[in-house]
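Right, one structure below, let's go through it.
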Amino acid sequence: MDESEKNEKLGYLDNKFSKNRISKSVKEKERRLPQLPFSEKGVVMRFAPNPSGPLHLGHARAALLNDEYVREYGGKYILRIEDTDPKRVDPDAYRTVLEDIDWLGLQITDVVYQSSRLSLYYENARQLIEIGGAYACTCDNEEFRLLKGRKEVCPCRSQSEKETLDLWDKMEEGFFKEGEISLRLRTQIDHPDPAMRDFPLFRILNSPSHPRVEAHLYPLMNFSVSVDDHYLGVTHVIRGKDHIANTCRQKFIFDYFGWQIPYYRHYGRMGIEGVVLSTSDIRKGINEGRYTDWDDIRLGTLRALGRRGITPAAVRRAVLEIGIGETDIQFSWENLFAKNKEIIDPVSHRYFFVPDPVAVKISGTKPTIAKASLQPSDPLQGSRNIAFHDTVYIPSVELNRKIEYLRLKDLFNILIKIEDGTISAEYAGNSLEEARSKKAPIIQWLPYEENVPCTLLTPEGVVKGLCEQGVLNETGKEVQFERVGFVKIDKFDKGEITAYFTHR
RNA sequence: GCUGCUAUAGUGUAGUCCGGCCAAUCAUGUCGGCCUUUCACGCCGACGACUGGGGUUCGAAUCCCCAUAGCAGCACCA
């Protein structure tokens with residue numbers, strides 16, 4: 001897919017093809033994000049995931065919000081892979097994160113890996129030490145925590161720049177083992193917020209080994225992020241409010257170096273109804289066999305959403321509507337589904353799917369071929385031909401409703417007869433008007449001879465049924481099973497179609 | 001415990017900075033109707049909110065104070 005195709009798919013190109021009624025009304029409904037200050041000359045923004053697993057809805061918000069601003073103001077959009085903690089790096093994630101970003105349609109202009117920038121961090125650490133901004137602390141963690149709580153300095157804090165530099169050399173050389181020493185920033189030990197007091201900048205890690213680089217001395221995020229944001233020229237940072245404290249911490253670092261601080265904006269926490277979002281919890285669930293994989297449709301990962309038929313454009317619209325407010329919110333599937341429907345309804349092909357099918361022989365008529373529209377709002381997309389011989393499958397629920405007069409959609413009316421437990425039907429005319437006036441249910445059906453088994457996976461359970469053979473051409477696409485809902489055709493395997501229920 | 005952020009209908013969101021045009025916007029949802037060879041789409045209508053209490057003011061969703069609730073940070077994670 002080239003760039004323009006991609007944009008069009010995401011609803012960005014307002015070209016001659018998108019002048020139809022639906023996309024126009026959608027466009028009018030779209031609201032804009034609030035303006036960012038200092039954006040006149042364009043912006044440099046970044047999306048900075050930790051490569052610990054595939055991306056989920058929470059990542060999508062950060063990624064899409066930033067993406068949208070870069071699209072609006074122009075500039076650079078940097079993907080920064082934050083892999084400075086080998087404990088939290090999943091080698092596969094280097095690939096999956098990129099795949100997910102591609103799916104989302106982000107306009108990334110630059111990609112950097114923090115693990116390739118360790119020497120930059122070391123150099124800046126050295127500088128920071130030289131100007132007296134940091135000291136090497138050998139205190140026990142718990143001990144330091146207690147001192148900090150009492151606003152008391154630790155003995156290491158009084159070391160001279162020379163002493164710190166010597167210790168730093170040893171840290172770089174590998175003289176210290178994990179946990180023995182860390183480099184701390186000199187902030188204010190009596191800062192009212194305990195979270196600000198002399199927080200750490202670097203630590204030693206002897207294991208596990210890093211998949212991309214040989215190292216033992218790693219920066220902590222507040223240092224690497226500050227250094228990168230500065231050297232990469234980041235102008236605006238949109239991130240979750242769980243980073244508010246980090247923003248304050250990073251300002252201490254910027255101040256030491258005399259760097260210009262980017263514009264920060266923090267959006268609120270986002271909870272998602274009934275879904276596990278945490279990467280570590282998902283991983284655990286997969287390992288324990290509770291989920292099939294990262295794209296298990298019960299998950300909130302982007303690949304899971306894609307698999308059940310949620311489009312990236314819908315995710316984008318939903319996320320932009322939520323915006324950058326600081327209020328904690330409850331993300332609702334209803335709203336996402338509505339956005340998705342806006343997108344897929346006008347283009348999804350329609351098919352009949354008959355759940356729990358019952359065969360009914362119809363007397364009093366001759367074989368014929370029904371013509372049904374593939375896409376009712378756009379006849380140009382063609383139609384399906386469904387052959388009627390003499391027996392059809394209809395959903396068993398329709399019989400349970402005890403209504404005798406029915407219309408088979410796009411075919412004709414029938415009268416159901418149940419005698420001694422055998423079900424049959426009689427042809428009852430072609431008139432649609434008559435069916436309407438008698439308020440006959442208009443139902444989906446399939447010929448006895450031509451159909452294909454289909455398993456529909458829904459949140460409520462598995463529905464076995466039959467569907468039209470035309471569905472075989474729709475693998476990987478979203479279609480609508482008439483009177484059932486939108487589904488994504490997952491695969492055709494062993495003579496059977498598997499589909500995932502997307503939403504009504 | 002300390003520090004900070006937030007608070008508009010079931011959900012999301014506009015309005016809050018610079019008080020009156022807000023008996024509060026839009027979307028979604030639910031219900032009802034219309035349209036329609038789908039229980040989809042579209043159209044019409046209804047339902048539904050300023051967390052509470054004080055204060056300032058002629059006038060407060062909007063400013064101030066207190067309370068309450070939710071969330072975050074106080075990691076050698078990001």
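In what follows, every heavy atom counts, from backbone to side chain, and hydrogens, waters and symmetry copies are set aside. Chain A is the first sequence line, chain B the second, and so forth, proteins listed ahead of strands; every chain is numbered from 1.
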Among B:rC76, B:rA78, B:rU11, the one nearest A:S332 by side-chain distance: B:rU11
Choose from B:rC39, B:rU37, B:rU28 the nucleotide whose nearest atom is closest to any side-chain atom of A:E398. B:rC39
So if I take every side-chain heavy atom of A:R269 and compare against B:rA72, B:rU37, B:rG1, which nucleotide ends up nearest? B:rA72
Measure the distance from CD1 on A:I329 to P on B:rA69 and round it to the nearest whole Å. 23 Å
Roughly how far, to the nearest 0.5 Å, is CD1 of A:I310 from CG of A:L302? 11.0 Å
Listed nucleotide nearest any side-chain atom of A:P200, set B:rG73, B:rU37, B:rC76: B:rC76
Taking the minimum atom-to-atom distance to the side chain of A:N335, which one of B:rU38, B:rU37, B:rG12 wins? B:rG12
Heavy atoms from C-beta onward define the side chain here; which of B:rU36, B:rG12, B:rG73 lies closest to that of A:P194? B:rG73
So, does A:D67 use its side chain to make a donor-acceptor pair with the main chain of A:A63 at under 3.5 Å? no
Check the distance between B:rC2's C1' and A:D190's CG and give it to me in whole angstrom. 14 Å
At under 4.0 Å between heavy atoms, what does A:D85 touch on the DNA or RNA strands: base, sugar-phosphate, or nothing? sugar-phosphate
Within residues 216-232 of chain A, those residues having any heavy atom closer than 4.0 Å to RNA chain B are A:P219, A:L220, A:M221
Give the rounded distance in Å between these two atoms: CZ of A:F481 and C1' of B:rC39. 16 Å
Out of B:rA27, B:rU28, B:rG12, whichever nucleotide has its closest atom nearest the side chain of A:K339: B:rA27
Give the rounded distance in Å between these two atoms: CG of A:D345 and P of B:rC43. 12 Å
For a quick check of understanding: with a heavy-atom distance under 4.0 Å over all strands, which category does A:Q480 fall into, base, sugar-phosphate or nothing? base
Is there a residue in residues 134-154 of chain A whose heavy atoms reach under 4.0 Å of RNA chain B, and which residues are they? A:N141, A:R145, A:K148
So with a 6.0 Å cut-off around CD of A:E404, is the heavy-atom count from everything else above 12? no
Taking only the C1' atom of each, what is the distance from B:rC21 to B:rG55 in whole angstrom? 26 Å
For A:I344, give me all partners under side chain to side chain contact (heavy atoms under 4.5 Å, CB included), at least two apart in sequence or on another chain. A:T311, A:N340, A:S348, A:E478, A:F486, A:H503
Atom OG of A:S383 and atom NE2 of A:H349: how far apart are they, to the nearest 0.5 Å? 10.5 Å
Phosphate contact (B:rA78 OP1 or OP2) by A:R88 side-chain N/O below 4.0 Å: no
For A:E68, is there an ion pair with A:R316 - N to carboxylate O distance below 4.0 angstrom? yes
Write down the distance between CD (A:E342) and C1' (B:rA27), rounded to a whole number of angstrom. 9 Å
Would you say A:W168's side chain and A:A136's backbone share a donor-acceptor pair under 3.5 angstrom? no
If you look at every strand shown and take non-hydrogen atoms under 4.0 Å, does A:F486 touch a base, only sugar-phosphate, or nothing? sugar-phosphate
A:D193 near the nucleic acid: base, sugar-phosphate alone, or nothing, with a heavy-atom cut-off under 4.0 Å? base
Among the nucleotides B:rA78, B:rA40, B:rC39, which one has an atom lying closest to any side-chain atom of A:N246? B:rA78
Measure CD/A:Q381 against C1'/B:rA40 and give the value in whole Å, please. 14 Å
In whole angstrom, give me the gap between the C1' atoms of B:rG20 and B:rC63. 14 Å
Tell me whether the centres of the aromatic rings in A:Y218 and A:F202 are closer together than 6.0 Å. no
Go through B:rU28, B:rG73, B:rA40 for me and flag the one nearest to the A:A195 side chain. B:rG73
Short question: side chain of A:Q114, backbone of A:T84 - any donor-acceptor pair under 3.5 Å? no
For nucleotides 5-7 of chain B, print each protein N/O atom paired with a nucleotide N/O atom at under 3.5 Å, atom names and distance only.
unit_1, atom_1, unit_2, atom_2, d
B:rC5, O3', A:E326, OE1, 3.4
B:rC5, O2', A:E326, OE1, 3.3
B:rC5, O2, A:K241, NZ, 3.3

Can you tell whether the side chains of A:D83 and A:R88 come within less than 4.0 Å, N to carboxylate O? no
Test A:V225 against every option in A:E82, A:H230, A:H243, A:R249 by the side chain to side chain contact (heavy atoms under 4.5 Å, CB included) rule and name the one that passes. A:E82
Sugar-phosphate, base or nothing in reach of A:H243, heavy atoms under 4.0 Å: base
Contact class for A:S52 vs. all strands (heavy atom < 4.0 Å): base, sugar-phosphate, or nothing? nothing
Expressed in whole Å, how much space separates the P atoms belonging to B:rC44 and B:rC35? 15 Å
Salt bridge or not for A:D229 and A:R46, using N-O below 4.0 Å? yes
Quickly work out the A:D90 CG to B:rA78 P distance and round it to whole Å. 16 Å
Which whole number of Å gives the distance between the P atom of B:rA61 and that of B:rA24? 11 Å
On a whole-Å scale, what distance lies between the C1' atoms belonging to B:rC41 and B:rG52? 44 Å
Measuring only the C1' atom in each nucleotide, how far is B:rU6 from B:rC26? A whole number of Å is fine. 22 Å
Any donor and acceptor pair, going by atom type alone, linking the side chain of A:T187 with main-chain N or O of A:M196 inside 3.5 Å? yes
Can you tell whether the side chains of A:K339 and A:E321 come within less than 4.0 Å, N to carboxylate O? yes
Reckon A:P376 touches a base, only the sugar-phosphate, or nothing at all at heavy-atom distances under 4.0 Å? base
Residue set satisfying side chain to side chain contact (heavy atoms under 4.5 Å, CB included) with A:C154, at least two apart, ordered chain then number -> A:Y135, A:C137, A:C139, A:F144, A:L147, A:C156
Is A:G179 touching bases, backbone alone, or none of the nucleic acid, heavy atoms closer than 4.0 Å? base
Could you summarise the pairing of RNA chain B as dot-bracket text, marking Watson-Crick and G-U pairs under 3.5 Å with ( ) or [ ] inside the strand and | across strands? (((((((..(((.......[.....)))((((((.......))))))...(((((..]....))))))))))))....
Rounding to an integer number of angstrom, what distance separates B:rC5 and B:rC65 when you compare their P atoms? 12 Å
Whole-Å distance separating the CZ atom of A:R61 from the C1' atom of B:rG12: 11 Å
Do NZ/NE/NH1/NH2 and the carboxylate oxygens of A:D198 and A:R157 come within less than 4.0 Å? yes
Picking from B:rA40, B:rG12, B:rG73, which would you name as closest to the side chain of A:R249? B:rG73
Go through the N and O atoms of the side chain of A:E334 and the base of B:rG10, and report whether any donor-acceptor pair is under 3.5 Å. yes
Are the side chains of A:Y69 and A:H236 in contact, using a 4.5 Å heavy-atom criterion? no
